[in-house]
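Protein chains get the first letters and strands the later ones, always in sequence-line order, with residue 1 at the start of each.
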Protein chains: 2
Amino acid sequence: MGIEEYSAKILNFLRKFRRMPSYSEIMKLTGFKSKNAIYRLVNKMIEADLVEKDSAGRLIPNKLSGMVRILGTVEAGIPLSAEQEKAETINIDEYLIRNYESSFILKVKGDSMVEAGILPGDMVLVERGKLPHNGDIVVAEVDHEWTMKFFKKKDGKVLLVPGNKKYKPIVPRHELNIAAVVRAVIRKY
Amino acid sequence: MGIEEYSAKILNFLRKFRRMPSYSEIMKLTGFKSKNAIYRLVNKMIEADLVEKDSAGRLIPNKLSGMVRILGTVEAGIPLSAEQEKAETINIDEYLIRNYESSFILKVKGDSMVEAGILPGDMVLVERGKLPHNGDIVVAEVDHEWTMKFFKKKDGKVLLVPGNKKYKPIVPRHELNIAAVVRAVIRKY
DNA sequence: AATAATAGTAAACGAACGTTCACTTGGCAA
DNA sequence: TTGCCAAGTGAACGTTCGTTTACTATTATT
């Protein structure tokens with residue numbers, strides 16, 4: 001087994017148990033029978049930049065684990081690998097989510113928001129318990145039906161405007177339950 | 001200081017150092033002067049579901065740290081909180097990214113892909129070193145200029161088609177450098 | 001075949017871990 | 001004021017940690 005496979009097992013452990021394994025646990029993961037073997041294996045992994053050790057000497061995941069590099073804009077293009085290393089990094093979850101307790105993901109089925117760049121099949125990240133501002137995209141229950149629309153206020157009246165000229169704005173008749181505000185759109189190809 | 005503030009400090013430590021702090025380190029974070037105080041504090045946090053301990057008795061982040069719940073579709077609506085607890089969860093990074101080493105984020109400036117649901121200001125997650133398939137969205141350098149377009153092959157010739165009728169398809173004259181394939185679109189409101 | 005270098009096992013080390021016990025302090029109720 | 005409970009300190013405990021040392025087995029080189 002190669003060093004990459006071992007580090008993959010370690011990172012699998014991290015994902016599964018939400019912490020890095022101890023040397024004894026890496027023994028079980030890899031099949032080695034001595035801690036010394038792990039000690040040297042880990043040193044090789046550090047040299048290969050597969051994992052890291054912090055100032056206290058504890059094993060931690062690589063800086064790139066869970067972080068993606070930001071390279072600028074499309075128009076500026078993609079620089080050479082040398083400059084990529086210095087690039088700023090972000091964690092997508094942290095970038096998108098303020099409060100995990102109140103955040104949820106919904107899948108989009110209809111085409112009522114295509115003109116706002118939300119296509120059928122997209123995932124929307126919504127947040128509950130927030131008051132919608134004018135122009136926000138909201139997930140709402142209107143007269144026993146769920147939709148995603150622009151939230152508009154005009155003359156004190158609430159209007160739900162679709163992002164598609166095919167459909168007409170909705171004026172809630174009986175009930176209006178703004179369940180969540182759309183915070184982000186995620187589309188995977 | 002309340003228990004939530006303490007747990008916030010602990011999760012800040014986790015984000016910063018990529019591991020959970022030891023009890024001694026929590027002492028420094030919180031200002032307590034004895035490990036016993038931490039021991040009881042941690043037990044309270046576990047009762048309050050702010051952190052967890054695994055089977056080996058080690059402190060690990062809560063299950064929801066880094067995970068978002070999936071609630072179904074927009075049309076099906078948002079269920080009551082009781083059902084939310086049982087919801088499936090995903091980690092957005094893991095969902096979107098296959099290989100961190102070859103993945104990058106670019107910001108979109110132009111409007112050449114609006115009809116494909118990619119608006120100016122959106123972030124695109126791109127992957128380097130992959131061969132584009134017909135219909136993929138790619139970031140390419142054509143005749144010394146960078147653009148994002150649909151990658152189309154017709155009769156053995158490569159065509160770069162914009163997702164906006166305002167613009168015309170590009171037939172590369174001298175150079176064509178497909179730098180990356182767009183894997184995902186991320187839009188934050 | 002002899003040698004050196006590499007990679008593994010096994011055992012022992014001090015240090016740090018989380019836990020427990022005994023004691024002290026501070027605030028509230030009787 | 002007295003007594004009680006909750007909350008914090010401090011020290012000691014056994015366990016596990018990562019590291020080191022010593023030795024053995026395997027592989028490659030001369």
Side-chain angles (χ1 to χ4, degrees), chain A residues 1-67 91 100-101, chain B residues 1-67 91 100-101:
Chain A
M1 225 183 292
I3 195 175
E4 287 86 5
E5 300 173 65
Y6 288 136
S7 93
K9 290 202 173 194
I10 289 177
L11 295 180
N12 266 341
F13 186 102
L14 170 63
R15 244 174 281 163
K16 200 171 172 189
F17 297 105
R18 282 167 255 158
R19 65 171 174 86
M20 290 294 265
S22 71
Y23 283 26
S24 316
E25 286 164 332
I26 299 178
M27 280 172 63
K28 288 172 191 165
L29 289 177
T30 56
F32 284 99
K33 291 175 184 172
S34 78
K35 281 211 235 175
N36 187 327
I38 307 302
Y39 180 73
R40 302 193 208 185
L41 181 65
V42 165
N43 280 341
K44 280 184 192 167
M45 288 181 180
I46 292 171
E47 285 219 7
D49 258 324
L50 298 169
V51 293
E52 278 185 36
K53 272 191 193 175
D54 64 14
S55 54
R58 299 167 114 91
L59 204 60
I60 56 172
N62 189 308
K63 203 202 167 199
L64 267 179
S65 307
M67 303 288 271
N91 177 293
Y100 285 94
E101 290 292 329
Chain B
M1 226 183 291
I3 194 175
E4 287 87 6
E5 298 172 67
Y6 287 135
S7 93
K9 290 201 172 191
I10 289 177
L11 295 180
N12 266 340
F13 186 103
L14 170 63
R15 243 174 283 163
K16 199 171 174 190
F17 297 105
R18 284 167 255 158
R19 65 172 173 86
M20 289 295 264
S22 71
Y23 283 25
S24 317
E25 286 164 332
I26 300 178
M27 279 172 61
K28 287 172 192 165
L29 290 177
T30 56
F32 284 98
K33 290 174 183 172
S34 77
K35 282 210 233 172
N36 189 337
I38 308 301
Y39 180 71
R40 301 192 209 188
L41 180 65
V42 165
N43 280 341
K44 281 184 192 167
M45 287 179 180
I46 293 172
E47 285 218 8
D49 259 324
L50 296 170
V51 293
E52 278 184 38
K53 272 191 193 174
D54 65 12
S55 53
R58 299 168 115 92
L59 204 60
I60 56 172
N62 190 308
K63 202 203 169 200
L64 266 179
S65 308
M67 303 289 271
N91 177 293
Y100 285 94
E101 289 293 328

* Once each nucleotide of nucleotides 10-19 of chain C is scored for protein heavy atoms under 4.0 Å, what B/S/- sequence comes out, 5' to 3'? -> B------BBB
* Structure fact -> Taken in chain and number order and not counting sequence neighbours, the residues that satisfy salt bridge (Lys or Arg N to Asp or Glu O under 4.0 Å) with B:E25 are B:R19
* Structure fact -> Residues pairing under side chain to side chain donor-acceptor pair (under 3.5 Å) where one sits in residues 56-66 of chain B, two or more places apart or in two chains, turn out to be none
* Pairs touching residues 29-51 of chain B that satisfy ring pair (Phe, Tyr, Trp, His ring centres under 6.0 Å), sequence neighbours left out -> B:Y6-B:F32
Can you list, pair by pair, the side-chain donor-acceptor contacts under 3.5 Å of residues 8-16 of chain A, counting residues two or more places apart and other chains?
none

* To do: Nearest whole angstrom, please: distance from the C1' of D:dG18 to the CE of A:M27.
  => 13 Å
* Locate the shortest heavy-atom distance separating B:N91 from B:G66; write the atom from each residue and the value. => ND2-O, 3.0 Å
* **Rounded distance (nearest 0.5 Å) linking atom CD1 of B:I38 with atom CG of B:N43** => 11.5 Å
* Between atom CE in A:M45 and atom C1' in D:dG18, what is the gap in whole Å? -> 15 Å
Hey, what are the protein-to-nucleotides 23-26 of chain C N/O distances that come in under 3.5 Å?
none

* **Which residues share a ring pair (Phe, Tyr, Trp, His ring centres under 6.0 Å) with A:Y100, sequence neighbours left out** => none
* To the nearest Å, give me how far apart CZ (A:F32) and C1' (D:dA25) are. => 14 Å
* Can you list every salt bridge (charged side-chain N to carboxylate O under 4.0 Å, His left out) pair that touches residues 29-52 of chain A, not counting sequence neighbours? -> A:E52-B:R18
* Using the test side chain to side chain contact (heavy atoms under 4.5 Å, CB included), find all partners of A:S7 that sit at least two apart in sequence or belong to another chain. => A:M45, A:L50
* Asked: Which residues in residues 5-13 of chain A have at least one heavy atom lying under 4.0 Å from any atom of DNA chain C?
  -> none
* Structure fact -> Residues passing the side chain to side chain donor-acceptor pair (under 3.5 Å) test with B:Y23, sequence neighbours excluded, are B:K53
